[in-house]
Number of protein chains: 2
Amino acid sequence: MKSDDAVLALGALAQESRLAVFRLLVKRGPEGYSPGDLIEKLGIPAPTLSFHLRELQRAKLIGARREGRFLYYSANFDRMRGLIDFLTEKCCSLSDTECDSACVPIPVARRRRA
Amino acid sequence: MKSDDAVLALGALAQESRLAVFRLLVKRGPEGYSPGDLIEKLGIPAPTLSFHLRELQRAKLIGARREGRFLYYSANFDRMRGLIDFLTEKCCSLSDTECDSACVPIPVARRRRA
DNA sequence: AAAACAATTCCATAGAATTGGAAGTATGAA
DNA sequence: TTCATACTTCCAATTCTATGGAATTGTTTT
């Protein structure tokens, strides 16, 4: 996963309602929930929910399939794994390799002389 | 980590400059970088950087110490681990189940011309 | 003390995200 | 066909976020 995708995915999850929706969808698995199910569970007005589902979809964290007049949204586990891998590799590992040559040595701050 | 903290932390990382700052700080380790170092590396104007550092700090993803007139910001690895654990447990369980090609974009409703 | 330097806060502005009522589209049932 | 249901898009109001120049605070040097 690239940095831009990560920013998009992080942004998609960085909202109370959307995080709640996503967690429900993860718990649910591939079967998914319809917007109607989610409205019932979370009490979010339909247009607002629709907006949030779109954001999650834009980040490719969820997908949807249609069944008759129902839509079923479900979590994209691969994508979520990709995000977690990105965070783990790029944001949570202090690599033993030292800074590259572009790195500026930090100035050694001298305490005030006594 | 609770849901509210996760939303805060996700929001803090969901911005290009802030993610770049955080990644540099992670790579750097406990020694940290001063705002001046980061300005040189990323070319962000000082007040803008200051604003972003504040956001990261608000989410407790970074901390700072002062040495003389320099400040040194460094990544809070515990906090980051907490976030990743939250995402893994709460948002990526059921990862044994697959949800790949079943998830397709929903048909987009086209507006009828008047 | 004054100057220089590191970094911050102040603040105005621009832009993006969120919200939900009203109106539209899609599908199946009567 | 017409109706009801499921869901979406449209749109405007509001609220958050990001940006960077100017002013300010804290610290060291001269």
Side-chain angles (χ1 to χ4, degrees), chain A residues 4 7-22 25 32-59 62-74 104-114, chain B residues 4 7-22 25 32-59 62-74 104-114:
Chain A
D4 288 358
V7 167
L8 198 64
L10 290 164
L13 295 175
Q15 208 278 345
E16 204 182 326
S17 302
R18 282 198 299 266
L19 185 57
V21 164
F22 188 70
L25 293 182
Y33 281 127
S34 67
D37 296 333
L38 296 169
I39 284 168
E40 193 177 318
K41 284 174 177 301
L42 297 171
I44 302 168
T48 302
L49 177 66
S50 221
F51 166 79
H52 288 311
L53 289 170
R54 195 202 239 277
E55 286 300 297
L56 286 166
Q57 206 169 31
R58 192 160 67 94
I62 65 173
R65 66 179 197 284
R66 186 177 273 279
E67 269 181 36
R69 52 188 168 179
F70 292 86
L71 283 171
Y72 290 98
Y73 286 92
S74 54
V104 179
I106 27 178
V108 181
R110 306 271 16 150
R111 285 252 134 225
R112 192 165 60 79
R113 292 190 227 310
Chain B
D4 288 357
V7 167
L8 199 64
L10 289 164
L13 296 175
Q15 208 278 343
E16 201 182 327
S17 301
R18 283 199 298 267
L19 185 58
V21 165
F22 188 70
L25 293 181
Y33 282 127
S34 67
D37 295 334
L38 295 169
I39 284 167
E40 194 174 318
K41 285 174 175 300
L42 298 171
I44 301 168
T48 301
L49 177 65
S50 223
F51 165 80
H52 288 311
L53 289 170
R54 198 136 125 65
E55 287 300 297
L56 286 166
Q57 207 167 29
R58 192 160 68 93
I62 65 174
R65 67 179 197 284
R66 184 177 273 278
E67 271 181 36
R69 58 186 166 184
F70 292 86
L71 284 171
Y72 290 97
Y73 286 93
S74 54
V104 298
I106 59 168
V108 176
R110 293 266 53 122
R111 181 153 217 213
R112 194 169 60 78
R113 287 289 336 137

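Protein chains get the first letters and strands the later ones, always in sequence-line order, with residue 1 at the start of each.
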Novice: Minimum heavy-atom separation for A:Ala12 to A:Arg18, with atom names?
Specialist: O-NE, 2.7 Å
Novice: If you compare all heavy atoms of A:Leu25 against all heavy atoms of A:Tyr73, which two are closest, and at what distance to 0.1 Å?
Specialist: CD2-O, 3.3 Å
Novice: Could you state the atom-to-atom distance from CG of B:Leu49 to C1' of D:dG20 in whole Å?
Specialist: 12 Å
Novice: Please give, in whole Å, the distance from C:dC5 C1' to B:Leu71 CG?
Specialist: 13 Å
Novice: Measuring from the side chain of A:Tyr73 (C-beta onward, heavy atoms only), which nucleotide among D:dT28, D:dT8, C:dT8 has the closest atom?
Specialist: D:dT8
Novice: Specify the separation, in whole Å, of atom CG of B:Leu42 and atom P of C:dA7.
Specialist: 14 Å
Novice: How does protein contact run along nucleotides 15-21 of chain C, one letter per nucleotide 5' to 3', with B for base contact, S for sugar-phosphate only, - for none, heavy atoms under 4.0 Å?
Specialist: ---BBBB
Novice: Write down the atom of B:Gly32, the atom of B:Ser74, and the distance for their closest heavy-atom approach.
Specialist: CA-CB, 4.0 Å
Novice: What's the shortest heavy-atom distance between A:Val21 and A:Leu56, and which atoms?
Specialist: CG1-CD1, 3.9 Å
Novice: Once you round it to whole Å, what is the distance between P of D:dA4 and CZ of A:Phe70?
Specialist: 17 Å
Novice: Rounded to the Å, how far apart are A:Leu38 CG and D:dC7 C1'?
Specialist: 12 Å
Novice: Does B:Arg69 place a side-chain N or O at less than 4.0 Å from the phosphate oxygens OP1/OP2 of D:dT29?
Specialist: no
Novice: Does B:Arg66 reach the main-chain N or O of B:Gly68 with its side chain, forming a donor-acceptor pair under 3.5 Å?
Specialist: yes
Novice: May I ask you to test the A:Ile44-A:Leu38 pair for a side-chain heavy-atom distance under 4.5 Å?
Specialist: no
Novice: Ignoring backbone atoms, test whether B:Arg66 places a side-chain nitrogen or oxygen under 4.0 Å from the OP1 or OP2 oxygen of C:dA6.
Specialist: no
Novice: Whole-Å distance between C:dA7 P and B:Glu67 CD?
Specialist: 12 Å
Novice: In whole Å, I'd like the distance from the CZ atom of A:Arg65 to the C1' atom of D:dA6.
Specialist: 15 Å
Novice: May I ask you to test the B:Leu42-B:Ser17 pair for a side-chain heavy-atom distance under 4.5 Å?
Specialist: no
Novice: Whole Å only: how far is the OH atom of B:Tyr72 from the P atom of C:dT8?
Specialist: 13 Å
